[in-house]
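For reference, the structure is listed below as structure tokens.
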Amino acid sequence: MATRLRIGIPQPGTLRPAGISRRAVVLGLALAVLINIWVPFGSFLVHSSRMTVSHLPIAVLIPFFFLLLIVNPGLRTWRPSWVLNGSELALVFVMMFVSSLVPGKVLVAYLMGVIATPYYFARPENQWEATFFDYLPDWLLVSGQGNTLVWFYEGIPEGAGDVIWGPWLSPLFWWLTFFVVLFFMGACMSTIMRRTWVAHERLSFPLVRMAVDLIRHDERTERTFPGFVYDRMFQVGFGASLALMIWNISSFWGAIPHIPIGALYHTNLTLLEGITAIRISVNIYALCFAFLAPLEITFSLWFFALCGVLEGGLLDRVGLQYSGSPVGANAVVKAQFFGGFIVFVFWHLWTARAQIADVFRRALRSGERPASELMSYRVAVLGLAGCLVYLVAWLVGSGLSWQVLPVYLLFLFILYLGTARIIAQTGLAFMDLPVNAHHFTILTVGSGNIDPQSLTTLGLGSVYARNWRGMGIGTIAQSDKVTSDLLRDKRGILALMSVTFVVSLLTSILYTIYIGNTTIGAYNFGTRDAFGGINETYFDDIVRWIRNADQLQPPEFLFMALGGVIMLVMTALTYRFPGWPLAPVGFTVAFADVIRLLMFSLFLAWLIKMLLMRIGGVTIYRRAQPFAWGVLVGYSVGVFLGFLVDWIWFPGQGHALHEWT
């Protein structure tokens, strides 16, 4: 039993001292470039799984597991002196994690779907030109002159010429400066909040806990493979999930029936007539990470999601539902949960006021960087202020009015910071934003109270306001936790993360433009991402905002206030009664679309973990952790095999084995 406990939870210890290893940097950058080519290739051309649609993407775990289970064991056998140590593995993991902020649906699809859309898709029936073309900031958009956009969306005709790069350069430059500033601002905010989250609130960062544990196992092994590989629970989990994945991959040809487990398969359960059906599916990726998360959090997530579904159905019956509201289906319920989200963010900022004030005092006293931080507090504070100045200038220059600007920035950073804080506590693999900042700004102020120029600029905000990974704030905080646990000194880590981010941006953007021109054309990249229809809705929204008065209705404001009160009451109960079963953090995002779709997987993870804890307590749960690791490794191998099968036998007609639903 003692051996199994050691395998499940390795105890913290001192890794071999190492600074920034040159080979780790080279390997990390090479893998960052690979990820930013592989992801758009698999998603846009092969139409296989989308590898970056999670807060810890499988595009990171697949090469990470390859290093742990193939590369390092091979090096131990043939070149022991070349084995990657724990510090190097941590550094490579962080670089891959940062690189995953860019490709596919995370950032580049939104960017290309905005800057390359208006001048190509405008036609008389959509009324774009007549409604908002006069307000478009040309320096942020690709010109419609010549064949630049035609060839991007339709492909270059044979013998017609080469890729036209010129019209892309200016808008890409300005957008890249915006992204880099947001990324650095995220690093500043992460540094300011780190002591609060780690030392004061003691958040466990369960999303990256597994990676830290596996690296420690690899660092301390005296055998060919990391210690957890020899655990029978790991082997059973790995074998079962890989067998399932291989079976379902084999069903692609139709010769055998599939096993209905995974993102491709679901059914619906209707609890009551008139109430939204609950999606019944088993998302293996979400299930594994939810199993590793705190029990009260997974319970709260599925419980509040279920309550939201039932509440929406009941409100619909009494006529308080606005099915056509611009907030979306279940509008007042969504407003209620977002009210809780806002109060959650401000409450935790208020309780952290002493730590935040101490950071500012230290910034005034000294510019020295603490060994535990990515940067000095002075750089963090001044950097945050400087980034904010640039963002204000950029947004005002693009046409956003001074009256709307503070409201927009407020919602943007509530969502970014709140999402980072929630992921640090819950470890949710899949979580989208409960609302989009630009939409909610318009609904709060009222589109009739905002000038057309500002509405057009807010429409372009789909590039970053839809970014459910918060433009890197959460990823930087998670990466900071990995480096805190596995590296002695963080000197140079932020610079390396920044270089990785820029290299990833350039690689993914340029490669996406290239394959649009030289292969099937971006219009055929598929409707899952911001091409082939979804991108047009971003600009249809602008037409609707300018021509119609959109605004939150009184019931929606009332339910937002109600959600805030519920959050305050639950927070008070949590502080007053330590055994209170409902975690307030579960209320914040339980009604976000992805969480509702994953309700059954969250319930299943909670049920399995709860039964294990009831039967054998923490001991049995810790012994079961290697099983979850094995399932996740087997699933990752299966997803990669599915990509290879799609690439070879089903190019352009792939199968999304891995999704967020």
Side-chain angles (χ1 to χ4, degrees), residues 36 39-40 52 98-121 132 135-144 148-149 152-153 163-187 386-400 405 408-409 412 416 436-438 453-454 456-473 475 498-514 516-517 522 529-531 534-535 538-539 542:
N36 280 275
V39 170
T52 51
V98 170
S99 76
S100 70
L101 286 167
V102 176
K105 185 71 171 179
V106 188
L107 191 155
V108 169
Y110 289 124
L111 172 66
M112 307 305 289
V114 168
I115 70 173
T117 288
Y119 294 125
Y120 177 80
F121 287 94
F132 62 77
Y135 310 114
L136 288 174
D138 289 336
W139 54 284
L140 294 178
L141 301 168
V142 180
S143 169
T148 305
L149 294 177
F152 173 66
Y153 278 105
V163 179
I164 303 172
W165 294 102
W168 294 94
L169 300 181
S170 178
L172 287 178
F173 169 79
W174 289 110
W175 280 107
L176 261 61
T177 64
F178 188 81
F179 297 147
V180 170
V181 167
L182 275 178
F183 181 83
F184 186 70
M185 177 178 278
C387 289
L388 185 60
V389 169
Y390 184 83
L391 293 185
V392 169
W394 195 96
L395 290 169
V396 171
S398 65
L400 191 62
L405 180 66
Y408 181 44
L409 287 178
L412 194 65
Y416 282 178
N436 296 319
H438 58 319
Q453 177 72 68
S454 294
T456 303
T457 301
L458 289 171
L460 301 183
S462 289
V463 173
Y464 54 92
R466 294 177 180 270
N467 190 288
W468 37 271
R469 287 181 69 182
M471 290 305 299
I473 297 176
T475 299
S498 302
V499 169
T500 303
F501 182 65
V502 173
V503 168
S504 300
L505 278 171
L506 293 174
T507 301
S508 191
I509 291 172
L510 296 179
Y511 180 72
T512 301
I513 295 171
Y514 177 77
N517 280 270
D529 300 297
F531 301 101
I534 297 178
N535 51 335
Y538 303 158
F539 293 91
I542 299 176

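- Residues satisfying the side chain to side chain contact (heavy atoms under 4.5 Å, CB included) test with V163, not counting sequence neighbours, are I156, W165, I513, Y514, N517, T518.
- Qualifying side-chain hydrogen bond (donor to acceptor under 3.5 Å, both in side chains) partners for Y511, counting only residues two or more places apart in sequence or in other chains: none.
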Side chains of residues 102-115: which donor-acceptor partners sit under 3.5 Å, not counting sequence neighbours?
| unit_1 | atom_1 | unit_2 | atom_2 | d |
| --- | --- | --- | --- | --- |
| K105 | NZ | R528 | O | 3.4 |

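- Checking side-chain atoms of W394 against main-chain N and O of W174 turns up a donor-acceptor pair under 3.5 Å.
- Distance check: F501 CZ to F184 CZ gives 13.0 Å after rounding to the nearest 0.5 Å.
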Check against side-chain contact (heavy atoms from CB on, under 4.5 Å), T177 and Y390: CA-CA 9 Å; T177 64; Y390 184 83; 2.7 Å; yes
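- Distance CG/L149 to OG1/T117: 8.5 Å, rounded to 0.5 Å.
- Contact of the W175 side chain with the I509 side chain is not registered, since no non-hydrogen atoms from C-beta on lie closer than 4.5 Å.
- Side-chain contact between H438 and Y408: present, with at least one pair of heavy atoms (C-beta onward) separated by less than 4.5 Å.
- Inter-residue side-chain proximity for L176 and L506 is flagged as met; some heavy-atom pair is nearer than 4.5 Å.
- The OH atom of Y416 lies 5.5 Å from the CG atom of N467; values are rounded to the nearest 0.5 Å.
- Here S454 pairs with L400, S401, I450, D451 under the side chain to side chain contact (heavy atoms under 4.5 Å, CB included) rule; sequence neighbours left out.
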Residues 136-144, side-chain donor-acceptor partners within the protein, below 3.5 Å, at least two apart:
| unit_1 | atom_1 | unit_2 | atom_2 | d |
| --- | --- | --- | --- | --- |
| D138 | OD1 | Y119 | OH | 2.6 |
| S143 | OG | Q145 | N | 3.1 |

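- Under the side chain to side chain contact (heavy atoms under 4.5 Å, CB included) criterion, A187 pairs with M375, I476, L494, not counting sequence neighbours.
- One finds the CG atom of L412 at 7.0 Å from the CG atom of L182 (value rounded to the nearest 0.5 Å).
- For R469 and T52, the side-chain atoms include no donor-acceptor pair closer than 3.5 Å.
- Checked against a 6.0 Å centroid threshold, the rings of Y153 and F121 count as neighbours.
- No donor-acceptor pair closer than 3.5 Å links the side chain of S99 to the backbone N or O of S504.
- W168 is not listed as a side-chain neighbour of L510, based on a closest heavy-atom distance of 4.5 Å or more.
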